[in-house]
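Letters go in sequence order (proteins before strands), and every chain restarts at 1.
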Protein chains: 2
Amino acid sequence: MPHKSASVKTIPDIVVGRLPFYLRTLRALAAEGREITSSSDLGNRLGLTSAQIRKDLSYFGEFGKQGLGYNIPFLVDQLRRILKVDRVWEVVLVGFGDLGRAIAHYHGFHDRGFEIRMVFDSDPAKIGQSLAGFTVDDMNAMVEKVRAAKVRVAMLAVPATSAQKVADLLIKGGVRAILNYAPTTLNVPKGVAVQNIDPAAHMQHMTYYLEP
Amino acid sequence: MPHKSASVKTIPDIVVGRLPFYLRTLRALAAEGREITSSSDLGNRLGLTSAQIRKDLSYFGEFGKQGLGYNIPFLVDQLRRILKVDRVWEVVLVGFGDLGRAIAHYHGFHDRGFEIRMVFDSDPAKIGQSLAGFTVDDMNAMVEKVRAAKVRVAMLAVPATSAQKVADLLIKGGVRAILNYAPTTLNVPKGVAVQNIDPAAHMQHMTYYLEP
DNA sequence: CAGTGTGAAGAGGTTCACAGCG
DNA sequence: CGCTGTGAACCTCTTCACACTG
């Protein structure tokens with residue numbers, strides 16, 4: 001990995017994490033036929049301050065026009081380019097239990113840059129099944145097949161007890177981004193991104209604030 | 001709402017948000033039969049520093065023993081009490097499409113403090129269905145039924161276009177915590193908690209770091 | 001002497017406020 | 001004149017480092 005160039009300021013991860021929400025909101029505006037928006041309009045819709053929106057976007061360039069605001073289709077294009085979703089990423093899904101099947105059926109990924117192309121499970125009863133247009137493959141073949149297809153993005157929907165082992169295999173096969181649905185913390189080497197989905201954790205976060 | 005008492009220091013929301021992960025990890029340790037852990041052990045498993053763990057826990061009390069560490073079953077009990085999941089919360093699920101059905105089938109909520117007790121949808125074709133032990137009810141009856149049952153926690157799995165309307169109804173019925181699966185930002189009054197689940201947003205966060 | 005609990009220092013993120021431009 | 005882009009101020013969160021204790 002090349003060392004940081006002095007001319008490129010590093011962008012805070014927390015800023016990158018907000019961009020998908022900006023993009024989501026801008027696309028909803030575009031769908032309503034809007035052409036122009038402003039940092040305060042976006043801020044209101046996103047529950048953020050206008051200053052934060054302007055500051056975040058300014059890390060990547062000057063996308064607005066003073067006195068006018070932002071051109072929505074233009075900003076959508078810029079964000080898609082920045083997030084590298086101006087293309088479709090092939091995704092490998094591991095685990096075809098209830099959760100994996102639900103993910104496979106979910107239609108929300110496609111127009112946001114992702115297409116599930118391979119599904120693996122270790123359960124002989126599931127291997128060979130072809131619900132939802134996928135054929136479930138044997139996990140013993142996973143490393144090789146993932147490597148051969150150069151897939152770099154995975155969704156992990158296996159039990160917590162096997163999640164780390166499976167993650168290690170995925171990384172061995174060349175995967176560099178893992179969306180982890182298993183309720184456990186993954187240990188991964190530098191250069192591999194992990195994002196966690198744990199609905200129950202979100203629920204517990206909220207109950208803290210409820211009266212008993 | 002009573003004004004803040006001077007003697008109670010306010011706990012940062014970001015700290016509260018980490019507690020469910022501490023609890024999750026501690027329960028995994030307990031399941032392995034472990035009795036004792038330390039801030040550095042927990043930190044390693046969670047990908048955090050030991051100082052952060054100690055500091056976070058210190059907001060709520062002195063749970064450890066110097067020179068020894070933390071008693072796992074004791075700390076589990078404390079966190080369950082703090083997060084108010086030393087009880088089971090009744091949950092209303094709205095939306096019985098692919099996503100809602102998947103949530104209804106998901107077994108991960110039960111032993112973390114949540115039980116789905118009511119399901120609503122507005123589609124006449126779905127009302128009356130009783131997959132997975134739930135009978136889908138008419139959304140027109142939702143406000144009254146939620147109010148009558150005093151349900152305060154909801155999961156929202158409706159299309160983005162109707163999410164705000166449905167959220168408003170839930171709040172009218174007395175709901176104070178909403179897990180929002182719809183890919184849109186909800187506007188809610190003070191006193192209502194919202195947590196968002198958007199897997200595609202997480203994916204886009206990660207692709208930013210991938211090489212093209 | 002291992003490991004907690006915690007003030008203080010440091011790092012990082014957000015908001016302010018205004019110059020500058022269309 | 002409205003709204004962006006941005007240094008500077010402000011605030012919040014994290015890490016340090018050490019007194020203290022079982």
[X] side-chain N/O to [N] phosphate OP1/OP2 under 4.0 Å:
X: B:Tyr70; N: C:dG5; value: yes
X: B:Ser38; N: C:dG3; value: no
X: A:Arg18; N: C:dT14; value: yes
X: A:Gln66; N: C:dG20; value: no
X: A:Ser39; N: D:dC3; value: no

In whole angstroms, how far is the [atom2] atom of [N] from the [atom1] atom of [X]?
X: A:Leu42; N: D:dG5; atom1: CG; atom2: C1'; value: 15 Å
X: A:Ile53; N: D:dG5; atom1: CD1; atom2: P; value: 12 Å
X: B:Phe60; N: C:dG5; atom1: CZ; atom2: P; value: 13 Å
X: A:Lys55; N: C:dG12; atom1: NZ; atom2: P; value: 15 Å
X: B:Ile36; N: C:dT4; atom1: CD1; atom2: C1'; value: 13 Å
X: B:Ile14; N: D:dC11; atom1: CD1; atom2: P; value: 18 Å
X: B:Arg54; N: D:dC16; atom1: CZ; atom2: P; value: 10 Å
X: A:Leu19; N: C:dG13; atom1: CG; atom2: P; value: 14 Å

Taking only Lys NZ, Arg NE, NH1 and NH2, and the carboxylate oxygens of Asp or Glu, determine whether [X] and [Y] approach each other closer than 4.0 Å.
X: B:Lys172; Y: B:Asp168; value: no
X: B:Arg34; Y: B:Asp41; value: yes
X: B:Arg81; Y: B:Asp86; value: no

Worksheet item: Base, sugar-phosphate, or nothing for B:Gly67, non-hydrogen atoms under 4.0 angstrom?
Response: base
Worksheet item: What is the nucleic acid contact for A:Ser50, judged by heavy atoms within less than 4.0 Å: base, sugar-phosphate only, or nothing?
Response: nothing
Discussion item. Regarding A:Thr25 and A:Arg45, do their side chains bring together a donor and an acceptor under 3.5 Å, going by distance alone?
Written reply: no
Worksheet, complete the sentence: Of B:Asp56 and A:Gln52, the one whose nearest nucleotide on DNA chain C sits closer to the 5' end is B:Asp56
Worksheet item: Is there side-chain contact between A:Leu42 and A:Tyr22, with heavy atoms separated by less than 4.5 Å?
Response: no
Worksheet item: Under 3.5 Å, is there an N or O donor on one side and an acceptor on the other linking the side chain of A:Lys65 and the base of D:dG2?
Response: no
